[in-house]
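Heads up, the thing below is written out as structure tokens.
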Amino acid sequence: MPVTLPYAAIWVLDFEFIARDGEHPVVVCLVANDLVSGQWVRVWQGDFSEPPFPLDGNTLLVGYSAAAEWSCFIALGWPMPARCIDLYAEFTRITNGAFDGKLFPSLLAAAAHYGINTMAADEKGAMRDLILSGGPWSASEQQDILHYCAADVRVTADLFRAMLPQLVQSTSTLGGALLRGRYTCAVARMEWNGIPIDVPTLNRLRNGWDDIKRDLVDDIDRQYGVYEGTTFVAARFAAYIEREGIPWPRLPTGTLALDDDTFRERAKSYPAIAPLRELRHALGKMRLNSLAVGQDGRNRTGVMPFGSKTGRNQPSNARFVFGTSRWLRSLIQPAPGRALAYVDWVSQEIAIAAALSCDEVLWEAYTSGDPYMAFAKQAGLVPPEATKASHKAERQRAKAIVLGVGYGMSADSMAVQAGLHIDEARDLLVRHKLTYRKFWAWAMQNQNAGLLGFILQTTFGWTWQAGLGTNVNPRSLLNWPMQANGAEMMRLACCELTEQGISVCCPVHDALLVEGPADDIDGVVAATRIAMERASELVLGKGYIVKTDVDLVTWPNRYADEAGVEMWDRVLARLDVRGW
DNA sequence: TCTATATCACCC
DNA sequence: AAACGGGTGATATAGA
């Protein structure tokens, strides 16, 4: 049953603004059009005061990639709209799976999809350049920019009209759209906040990294001679293994396999390889130049909501500090008097699978606090009194199976991955299927439905139609409900927390980084955990609480990732030696 | 010289 | 033929 839109006004809006890496946006102008009254507003920078339209629940605001509009709201000191729809989110949801990554769903692409006339892409590019030049703009340039902005509003309005039947198809599609719109407001707030960075140390790393690289190569490459400058040369390495008589695996294409796994495996038989492996790992990836840090020392970059087909955010790994190697997270440091908390859902995907499949046995395993050991017990692999300490190896094997199952891993891969005999891996997988029958029935039902062309859907209506006849990966269909519902849970928690005024720095898929005064961080953490638990119950059902874990960082400490501290200390020590 | 593809490393 | 989900991005190599 289609729904009627209950709004007194429907304002379609578009801001032009200047966004520099790591900085807050600078507003250039706003154009908006109310589809109910037909009224237009045009505001040039400097002429802004109060919002030119009401922002209460009787007014619907519509944008494309709307988080950018709300960022401009924040810059102008305006409150968030009570009701909004982001047509980018709706267009990607409705066409999810149709383009298979071959088309970026820009406003122009979405318009073209519905047969709406637009300006040419190169004309748009020229106007963007004029805006990003930063002004000052002549009177006629101002008119051009406002005209261009209005053209985008017209296209967005046409798109809204074209998409309307799909938006109001049911209470679920409209409710879902409003919920996703609400999340774009949370995104704007998080992007505005950003993540506090230790800028002096960042600069030391940026300045000193080339020297460190050279030192490391000079130290170690002497015995190999495979580097030219600081770059590893495959041909030289080929000569080295030839010289030393070390047999080396090749890829199907015939080139040497140079991945870390191969190095690790070869180093077992040929220990002379180990230092080279270490060196390659250390030099590996340190991308710091693109890290987007503003003048105020905060890492700010687009969250890119709904960027993946599961509805997850997809921020740039180069610009976002949580996209870099984990050891670089030690650049995260609260300012004096401030504290940070990294709060993550514990084994979120297992909990989602258990709850949504109504598998009581799997839920019991989850709530035990150690789903891996619980599986080992439920499957009769260890006695009921077994512990992490008493049956370490069995627990490890059980863990490999439990985690692999969520991705649709085969027994063969599990055997390789966990170092099991293939027969044992097969046996464990069968035991998993027998122990968690409801989970498997649910998972296979999702997979088959998807393969048959049915639409998969999360609790609050994010969808994916994998498409008939295309080469869909069945394992992707199997994992999708867990990942997509996890993303939805994250969105709900972000909405609730940002609306409460909690300072959320960023989401990290199954975790949130929140910030507060050092003397009240416990209160912030408590609110965060409550919101995250509530979000899990909203998505999974009453009583299904996904537990959370907290890492606290108070000034003058820095964030430390367990897996990265050693590397961090090593690099910092070398910076000291080199006098950086 | 530019672009497409393959490979690898990293994140959750 | 492959057999581990969702991604970004750097780099090397091949081909137009």
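Below, read A as the first sequence line, B as the second, and so on, with proteins coming before strands; counting in each chain starts at 1.
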>> Looking only at the side chain of A/Y342 (C-beta and beyond, no hydrogens), which of the listed nucleotides B/dA9, B/dC12, C/dC4 gets closest?
In response: B/dC12
> Base, sugar-phosphate, or nothing for A/D344, non-hydrogen atoms under 4.0 angstrom?
Replying inline: nothing
> With A/Y372, which residues qualify under ring-ring contact (aromatic ring centres under 6.0 Å, His included), at least two apart?
Replying inline: none
>> Does anything in residues 404-429 of chain A come within less than 4.0 Å of DNA chain C? Heavy atoms only, and list the residues if so.
In response: A/Y407, A/G408, A/M409, A/S410, A/S413, A/Q417
Expected list for residues 560-569 of chain A: side-chain donor-acceptor pairs under 3.5 angstrom, two or more places apart:
unit_1, atom_1, unit_2, atom_2, d
A/D561, OD1, A/R326, NE, 3.0
A/D561, OD1, A/R326, NH2, 3.2
A/D561, OD1, A/A563, N, 3.0
A/D561, OD2, A/R326, NE, 3.2
A/D561, OD2, A/R326, NH2, 3.1

> Does A/S325 have a side-chain nitrogen or oxygen under 4.0 Å from the phosphate oxygens OP1 or OP2 of B/dA9?
Replying inline: no
>> Can you tell me how the ring of A/H432 sits relative to the ring of A/F439, calling it parallel under 30°, perpendicular over 60° and tilted otherwise?
In response: perpendicular
> Given atom CD1 of A/I332 and atom P of B/dC11, what is their separation to the nearest angstrom?
Replying inline: 13 Å
> Using the ring of each side chain (for Trp, its six-membered ring), is A/F232 parallel, tilted or perpendicular to A/F237, with breaks at 30° and 60°?
Replying inline: tilted
> Within the side chain of A/R312, is there an N or O that forms a donor-acceptor pair under 3.5 Å with the backbone of A/G486?
Replying inline: no
> Rounded to whole angstrom units, what separation is found between the CG atom of A/D261 and the C1' atom of C/dC4?
Replying inline: 13 Å
>> Can you pull out the residues from residues 430-444 of chain A that lie within a 4.0 Å heavy-atom distance of DNA chain C?
In response: none
> Given atom CZ of A/R264 and atom C1' of B/dC8, what is their separation to the nearest angstrom?
Replying inline: 14 Å
> Rounded to whole angstroms, how far apart are NZ on A/K399 and C1' on C/dC4?
Replying inline: 16 Å
> For the side chain of A/R319 and the backbone of A/L291, is there at least one donor-acceptor N/O pair under 3.5 Å apart?
Replying inline: no
Taking only distance into account, with no hydrogens and no angle test, what donor-acceptor pairs under 3.5 Å do side-chain atoms of residues 90-97 of chain A form with protein atoms, sequence neighbours excluded?
unit_1, atom_1, unit_2, atom_2, d
A/E90, OE1, A/R180, NH2, 2.9
A/E90, OE2, A/R180, NE, 2.8
A/T92, OG1, A/Y88, O, 3.0
A/T92, OG1, A/A89, O, 2.9
A/R93, NH1, A/T463, OG1, 2.9
A/T95, OG1, A/F91, O, 2.7
A/N96, ND2, A/K309, O, 2.8
A/N96, ND2, A/T463, O, 2.8

>> Below 4.0 angstrom, which residues in residues 303-320 of chain A have at least one non-hydrogen atom near DNA chain C?
In response: A/S308, A/K309, A/T310, A/R312, A/Q314, A/P315, A/S316, A/N317, A/A318
> Do A/N313 side-chain atoms and A/P315 backbone N/O form a donor-acceptor pair below 3.5 Å?
Replying inline: no
> Quick one: are the ring centres of A/W248 and A/Y270 less than 6.0 Å apart?
Replying inline: no
> Roughly how many Å is it from CG in A/L328 to P in B/dC10, rounded to a whole number?
Replying inline: 11 Å
>> So that I can tick it off, tell me whether A/K124 and A/D129 are bridged by a salt bridge, with the cut-off set at under 4.0 angstrom between side-chain N and carboxylate O.
In response: no
> Between A/D21 and A/R300, does at least one N-O distance fall below 4.0 Å, as a salt bridge requires?
Replying inline: no
> Taking only residues two or more places apart in sequence or in another chain, which ones pass side-chain hydrogen bond (donor to acceptor under 3.5 Å, both in side chains) with A/Y366?
Replying inline: none
> Counting only non-hydrogen atoms, which of residues 479-487 of chain A are less than 4.0 Å from DNA chain C?
Replying inline: A/N479, A/Q483
>> Taking side chain to side chain contact (heavy atoms under 4.5 Å, CB included) as the criterion, tell me which of A/T262, A/L256, A/T255 meets it with A/L258.
In response: A/L256
>> Taking A/R214 first and then A/D218, would you say they form a salt bridge - that is, a charged N and a carboxylate O separated by under 4.0 Å?
In response: no
> Any Lys/Arg nitrogen of A/D260 or A/R277 sitting under 4.0 Å from an Asp/Glu carboxylate oxygen of the other?
Replying inline: yes
> With rounding to whole Å, what would you report as the distance between C/dC4 and B/dT5 at their C1' atoms?
Replying inline: 22 Å
Dump every N/O contact between nucleotides 2-7 of chain B and the protein below 3.5 Å, one line per pair.
unit_1, atom_1, unit_2, atom_2, d
B/dT7, OP1, A/T253, OG1, 3.4

Pairs under 3.5 Å (N/O, protein and nucleotides 12-16 of chain C):
none

Please output the side-chain donor-acceptor pairs of residues 490-498 of chain A that fall under 3.5 Å, not counting sequence neighbours, one pair per line with the distance.
unit_1, atom_1, unit_2, atom_2, d
A/R491, NH1, A/G311, O, 3.1
A/R491, NH2, A/E488, OE2, 3.3
A/E496, OE1, A/R534, NE, 3.1
A/E496, OE2, A/R534, NE, 3.0
A/T498, OG1, A/C494, O, 2.7
A/T498, OG1, A/C495, O, 3.2

>> Between C/dA2 and B/dC8, how far apart are the two P atoms, rounded to whole Å?
In response: 15 Å
>> Using whole Å, what does the distance between atom P of nucleotide C/dA1 and atom CZ of A/R475 come to?
In response: 16 Å
> How far, in whole Å, is C/dA1 from B/dA9 if one measures between their C1' atoms?
Replying inline: 25 Å
> Any side-chain heavy atom of A/T548 within less than 4.5 Å of one from A/V346?
Replying inline: no
> Does the ring center of A/F322 lie less than 6.0 Å from the ring center of A/Y342?
Replying inline: yes
Which atom pairs, donor and acceptor, lie under 3.5 Å between side-chain atoms of residues 445-454 of chain A and protein residues at least two apart or in another chain?
unit_1, atom_1, unit_2, atom_2, d
A/N446, ND2, A/W442, O, 3.2
A/Q447, NE2, A/P474, O, 2.7
A/N448, ND2, A/M444, O, 3.2

> What is the distance, rounded to the nearest whole Å, between atom CD1 of A/I350 and atom C1' of B/dC12?
Replying inline: 14 Å
> What is the distance, rounded to the nearest whole Å, between atom CD1 of A/I352 and atom C1' of B/dC12?
Replying inline: 12 Å
